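Here, residue 1 is the first one in the sequence, and each next residue gets the next number. Keep in mind the model is a prediction, meaning the values are calculated, not measured.
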Amino acid sequence: METPQNENFRDTIGTITEEGKRAWVFPKKPSGKFYNYRKWVSYGLLVFLLLSPFIKINGNQFLMFNILERRFNIFGFPFWPQDFHLFVISMIIGVVFITLFTVSFGRIFCGWICPQTIFMEMVFRRIEYWIEGDRGKQIRLKKQPWTAEKIRKRGLKLAIFLIISFIIANVFLAYLISSDKLIQYIIDGPFNHVSTLISLLIFTAVFYFVFAWFREQVCIIACPYGRLQGVLLDTKSIVVAYDHKRGEAENGRKKFRKNEDRNALGHGDCIDCFQCVNVCPTGIDIRNGTQLECVNCTACIDECDHIMESINLPKGLIRYTSEDNIEKKSPFKLTARIKGYIAVLTILIGILTGMLFLRNDLEANVLRLPGQLYEHKDNNIISNVFTYKLVNKTTEDIKNVSLKLMSHKGVLKLVSTSDSFVVPSQGLAEGTLFIEINNSALSGDRNKIEIGVYKGDKLIETTSANFLGPRSYK
């Protein structure tokens, strides 16, 4: 139970000393049921993250975020600049989904799914344990002078960190420019693509800085999601929590003594062993309650369960639970706020699904040439000049494409091409066309015309444009 004397932890960050210097965290190597679950989840997500740019579905990269060319692939669905509204809805769905999980289950995304946590705890930290040893050995290594042993261990660790950072940077680049381009650049040689090489080195330096030095500070200082949880959480949210009712009892914590009746003395089950603090990757004391730094990694749950088991006390002193469950023994249930998020998420998913089904494989745009007025020809014919752009969103060429005027009786002529053409796969076809309509078929100086895009005799898309004519006076 919190008291005014220990409230000062909320005024400072555990990784900063009173002098304002960096307090390095040396967490004990975790072990236990939840850690084993996290390893399986993390290794599965690592495989997913590393292979996603190289998986193709219908010729489309499974995940790609090409910001420069404004082309995105999400789960094999290609999104072009014309589909930006679909991409925005997809991102909003992701935000609402994470918000819903945070309201319901706290910062579980950070501890189980976030790439930063997965790489830090399941890759870099495990390499650190392998080379430097567990918590005690790491602390002693840091304090000892620069002997040959320290130089060897630190040098080997940092060299491996740099290699892994370089691999991560390559995968990250594959997400941005596509895996096909990345592989082609490697085959061509890095010095034939100097700008890409510089970007790769910058990404490598950033990842190396994050995982070798900045580490848990990303979650505490840099990540905005950690700040959001203070707004999203309430007393009904399921989080990694210390049961202060059971742990403190009437007279607080007490060191364990064999054959002592703790209940008779009024002491709680917490034996003040500090193992939950030692194993925490962000260096906090979970017994102080929900904190900004907690990423719900469950390391303290496993460690506390092990201690409770060794002294024959019930496990679950630290567990996934809510403040209401600890205080009032009330079970988790859907609140009005959670139901609201579920409703919004369901509506957004329905809208996105409908839009994806209604989206055409070919996007057509016909615009009147800027600065050009109409031309009056013989036999009362009015002519306008337009530009057209057809975007093929599929991985196959669309052949035998033609444009036809649908709304008016008139003539549509393409400039510098035959009546039919090919729209290349994941590319575009563009050009200029003339449309001629008899003035008698026009109504005023601005007329909306409809143009059909045909593949052979099959109509595959329609678009509209404004056709200018002489102003009529009555």
Side-chain angles (χ1 to χ4, degrees), residues 1-2 7 9-11 13 34 37-38 41 45 74-75 85-118 218-247 280-282 284-301 316-356:
M1 187 177 293
E2 294 174 6
E7 278 290 333
F9 76 93
R10 298 198 186 277
D11 301 326
I13 295 176
F34 283 103
Y37 292 157
R38 283 180 59 217
V41 172
L45 289 174
I74 299 179
F75 304 138
H85 58 291
L86 297 176
F87 181 75
V88 169
I89 292 176
S90 300
M91 294 299 101
I92 293 174
I93 288 173
V95 170
V96 175
F97 184 77
I98 292 175
T99 301
L100 172 62
F101 257 73
T102 304
V103 171
S104 304
F105 304 110
R107 206 170 169 180
I108 193 171
F109 172 84
C110 297
W112 290 76
I113 303 174
C114 176
Q116 159 69 18
T117 304
I118 291 172
V218 173
C219 306
I220 298 172
I221 298 173
C223 180
Y225 180 56
R227 308 285 174 178
L228 275 177
Q229 74 162 343
V231 179
L232 298 174
L233 295 181
D234 57 26
T235 57
K236 299 175 179 62
S237 301
I238 302 293
V239 296
V240 173
Y242 165 68
D243 189 342
H244 57 83
K245 290 279 190 181
R246 175 188 155 191
C280 179
T282 56
I284 66 167
D285 190 340
I286 192 64
R287 297 172 298 177
N288 288 329
T290 302
Q291 296 156 70
L292 163 71
E293 298 95 326
C294 180
V295 294
N296 282 204
C297 70
T298 69
C300 55
I301 296 179
L317 181 59
I318 302 174
R319 63 184 186 272
Y320 272 122
T321 188
S322 66
E323 184 64 27
D324 271 12
N325 182 263
I326 293 173
E327 293 282 354
K328 307 172 186 176
K329 303 299 180 184
S330 58
F332 174 78
K333 57 184 179 181
L334 296 179
T335 63
R337 185 162 66 143
I338 293 175
K339 291 177 182 177
Y341 283 125
I342 292 174
V344 171
L345 187 63
T346 303
I347 292 170
L348 287 173
I349 291 174
I351 292 172
L352 179 63
T353 303
M355 287 182 169
L356 287 173

Practice task
Output the distance between atom NE2 (H244) and atom CG (N288), rounded to the nearest 0.5 Å.
Solution key: 11.5 Å

Problem - Point-to-point distance, once rounded to the nearest 0.5 Å, from SG of C300 to CD1 of I284 - result: 7.5 Å

Practice task
Identify, with sequence neighbours excluded, every residue that meets side-chain contact (heavy atoms from CB on, under 4.5 Å) alongside Y320.
Solution key: F34, I108, W112, I238, V240, N296, T298, I301

Handout entry: Considering all heavy atoms, the nearest T117-G111 contact
Key = CG2-O, 3.9 Å

Completion exercise
Here the pair of heavy atoms bringing T321 nearest to A241 is CG2-CB, 3.8 Å

Practice task
Side-chain contact test, heavy atoms from C-beta onward, threshold under 4.5 Å: evaluate it for S104 versus F332 and give yes or no.
Solution key: yes

Fill in the blank from the handout: With sequence neighbours left out, the residues meeting side-chain contact (heavy atoms from CB on, under 4.5 Å) with I93 are I89, L345, L348, I349, L352

Exercise for the section: Could you list the residues that satisfy salt bridge (charged side-chain N to carboxylate O under 4.0 Å, His left out) with R38, not counting sequence neighbours? Expected result: none

Practice task
Quick one: list whatever passes side-chain contact (heavy atoms from CB on, under 4.5 Å) with D324, sequence neighbours left out.
Solution key: T235, K236, S322, K328, S330

Exercise for the section: Starting from the C-alpha separation in whole Å, work towards a yes-or-no answer on side-chain contact (heavy atoms from CB on, under 4.5 Å) for L317 and R287. Expected result: CA-CA 10 Å; L317 181 59; R287 297 172 298 177; over 6 Å; no

Problem - Sequence neighbours excluded - salt bridge (Lys or Arg N to Asp or Glu O under 4.0 Å) pairs with any residue from residues 94-110 - result: none

Problem - Validation row: R319, N325 side chains within 4.5 angstrom (heavy atoms) - result: yes

Handout entry: I338 side, atom CD1; S237 side, atom OG - distance, nearest 0.5 Å
Key = 6.5 Å

Exercise for the section: Taking the side chain as every heavy atom from C-beta outward, state whether E323 and L233 have any atom pair closer than 4.5 Å. Expected result: no

Fill in the blank from the handout: Rounded to the nearest 0.5 Å, the CG atom of L45 sits from the CD1 atom of I118 at a distance of 4.5 Å

Exercise for the section: Might you point out which heavy atoms bring V231 and R337 nearest each other, and give the distance in Å? Expected result: O-NH1, 3.9 Å

Completion exercise
When every non-hydrogen atom of I326 is compared with those of K245, the smallest separation belongs to O-CG, 3.7 Å

Exercise for the section: Give a yes or no answer on whether the side chain of Q291 reaches the backbone of D285 with a donor-acceptor pair at less than 3.5 Å. Expected result: yes

Handout entry: Any side-chain heavy-atom pair of C297 and P281 under 4.5 Å
Key = yes

Side-chain donor-acceptor contacts of residues 95-102 below 3.5 Å, not counting sequence neighbours, with atom names and distances?
unit_1 : atom_1 : unit_2 : atom_2 : d
T99    : OG1    : V95    : O      : 2.7
T102   : OG1    : I98    : O      : 2.8
T102   : OG1    : Y225   : OH     : 2.1

